[in-house]
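This report refers to the structure that appears directly beneath it.
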Protein chains: 2
Amino acid sequence: MGIGQVGAASLTQSNDAAVGELNDIVGFHIRLAHGAVYRHFVETFVDLGLTQKQVSVLWLVDELPGISQIDLGQRLRMDRATTMTIINRLQARDYVRRERSETDGRKQALYLTEAGTEALARAKQAIGEHEEWLKSRFTAEEVEKLVEMLARIHD
Amino acid sequence: MGIGQVGAASLTQSNDAAVGELNDIVGFHIRLAHGAVYRHFVETFVDLGLTQKQVSVLWLVDELPGISQIDLGQRLRMDRATTMTIINRLQARDYVRRERSETDGRKQALYLTEAGTEALARAKQAIGEHEEWLKSRFTAEEVEKLVEMLARIHD
DNA sequence: CCTAATCGTTAGTGGAGCATACAATTAGGC
DNA sequence: GCCTAATTGTATGCTCCACTAACGATTAGG
């Protein structure tokens with residue numbers, strides 16, 4: 001699908017499955033793009049059996065060992081209850097363990113288990129493929145611009 | 001949050017809740033942005049009680065009366081089962097009705113009811129606010145570029 | 001005409017997000 | 001220091017979305 005200097009309206013309607021005026025809704029495109037990325041992610045991770053959220057959590061716990069659930073949730077924009085269920089799943093698979101924080105009795109300190117570390121390593125491999133699939137349609141400058149614009153939305 | 005000519009790396013880490021290397025993952029930003037849009041959508045639509053998907057479906061059925069479920073699903077990137085559940089919900093609320101297609105006995109022809117048409121009208125009002133919230137952080141050129149790049153992902 | 005494909009449907013699984021309520025712990029004002 | 005308020009984790013329950021697998025009805029095509 002060649003991308004030239006054409007208006008976005010005509011461009012994004014070049015597909016055979018037109019959606020009419022919906023095409024002008026930015027949120028609609030974000031949702032569709034997210035869905036496409038999600039589906040490719042699932043394909044790529046079907047062997048590992050990990051979701052986007054689970055990988056993000058493993059990744060962050062690895063970078064910040066001892067992080068609390070509330071801190072983790074805030075960085076990934078999840079509420080406490082959602083964070084709980086994800087940690088529960090990862091703990092059930094023995095990828096993560098909880099320890100009572102020494103400095104704050106309310107908090108749980110999260111750590112990766114060995115299995116979790118291994119799973120994360122494999123996940124990072126898969127993330128590489130996944131990102132390649134995603135980035136392949138953009139130049140480096142466009143990737144940077146895209147990320148910057150997306151960050152303006154979620155920050 | 002001022003946006004200047006700064007590299008994306010430092011920019012997107014300007015927030016207090018840093019995520020380290022995850023910041024370089026494009027898919028991660030798409031997911032976060034989608035989450036932010038989703039949350040604002042829910043806020044905006046709490047009175048109407050409609051989801052993004054439901055509004056998209058009402059919108060398309062209105063533009064293409066008599067559309068089949070399979071066609072609808074393809075345009076919105078949903079599989080048959082997912083489309084079913086959404087149509088079921090909209091039908092239960094009397095926003096949509098199914099009719100046997102005259103030209104193909106396998107298909108259902110979808111139409112909005114009067115209540116559905118009214119709901120869509122209110123939804124379009126709310127979409128206006130929602131889009132304004134979303135677009136307010138971009139120039140018109142940026143919006144066009146963003147939509148075009150997102151379309152490259154989901155087309 | 002008969003087989004294969006398509007479409008809708010049903011049932012079941014799993015992930016994610018949210019609200020609410022509660023217990024334990026800590027922080028802060030007095 | 002004490003007491004109240006806030007924080008953190010937890011449990012329960014709800015909704016929504018996406019997918020798989022199977023099945024019946026219908027249509028398309030060799």
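Values below: every heavy atom of this structure, side chains too, minus hydrogens, waters and symmetry copies. So you know, we letter chains A, B, ... as the sequences are listed, proteins then strands, and number each from 1.
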Interatomic distance, [X] [atom1] vs [N] [atom2] [rounded to whole Å]:
| X | N | atom1 | atom2 | result |
| --- | --- | --- | --- | --- |
| B:L110 | C:dG8 | CG | P | 8 Å |
| A:D79 | C:dA21 | CG | P | 16 Å |
| A:L90 | C:dG14 | CG | P | 16 Å |
| B:M84 | D:dC16 | CE | P | 15 Å |
| A:N88 | D:dT10 | CG | C1' | 9 Å |
| A:L72 | C:dA16 | CG | P | 13 Å |
| B:K107 | C:dT9 | NZ | C1' | 17 Å |
| A:H34 | D:dA18 | NE2 | C1' | 11 Å |

Can you find a side chain N or O atom of [X] that sits less than 4.0 Å from OP1 or OP2 on [N]?
| X | N | value |
| --- | --- | --- |
| A:Q108 | D:dT10 | yes |
| A:R89 | C:dA16 | yes |
| A:R80 | D:dT10 | no |

Just by distance, no angles: are the side chains of [X] and [Y] close enough, under 3.5 Å, to form a donor-acceptor pair?
| X | Y | answer |
| --- | --- | --- |
| A:R106 | A:S68 | no |
| B:R97 | B:Q91 | no |
| B:R98 | B:N88 | yes |

Is the backbone N or O of [Y] less than 3.5 Å from a side-chain atom of [X], with the two atoms forming a donor-acceptor pair by type?
| X | Y | result |
| --- | --- | --- |
| A:E142 | A:T139 | yes |
| B:R100 | B:G105 | yes |
| B:T113 | B:D94 | yes |

Between D:dA18, C:dC7, C:dC18, which nucleotide has the shortest distance from any of its atoms to the side chain of A:Y38?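 Closest nucleotide to the A:Y38 side chain: D:dA18.
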
From the set C:dA19, D:dC17, C:dG17, return the single nucleotide nearest to any side-chain atom of A:I86.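 Per side-chain heavy atoms of A:I86, the pick is C:dG17.
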
- Query: Is atom CD of B:Q125 surrounded by more than 12 heavy atoms (other residues, nucleotides or ligands) closer than 6.0 Å?
  - Reply: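 Atom CD in B:Q125 is not crowded, with 12 or fewer foreign heavy atoms closer than 6.0 Å.
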
Would B:R152 and B:E148 pass as an ion pair if we require N to O under 4.0 Å?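 Yes, B:R152 and B:E148 are salt-bridged.
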
**Request:** State whether A:K124 and B:E21 are salt-bridged, where the test is any N-O pair (Lys NZ or Arg NE/NH1/NH2 against Asp/Glu carboxylate O) under 4.0 Å.
**Result:**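 Looking at B:E21 together with A:K124, the answer is yes, because their closest N to O distance falls below 4.0 Å.
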
All N/O pairs under 3.5 Å across the protein-nucleotides 25-27 of chain C interface:
residue	atom	partner	partner atom	Å
C:dT25	O3'	A:G105	N	3.3
C:dT26	OP1	A:G105	N	2.8
C:dT26	O4'	A:R106	NE	3.3

| task | Starting from the 5' end of DNA chain D, give me the residue, B:M78 or A:Q69, whose nearest nucleotide shows up first. | result |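 Nearest-nucleotide comparison on DNA chain D picks A:Q69.
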
TODO: Mind running a 4.0 Å heavy-atom check of residues 43-68 of chain B against DNA chain D and sending the residues that fall below it, in number order?
DONE: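 B:T51, B:K53, in order of number.
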
**Item:** Pairwise distance CD1(A:I87) to CZ(A:R80) - rounded to 0.5 angstrom
**Value:**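 Interatomic distance, A:I87 CD1 to A:R80 CZ, rounded to 0.5 Å: 14.5 Å.
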
Open item on the list: Here's a test of your reading of the structure: between A:L76 and B:T85, which maps to the more 5' nucleotide of DNA chain C?
Closed with: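 Per heavy-atom nearest nucleotide, the more 5' residue is B:T85.
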
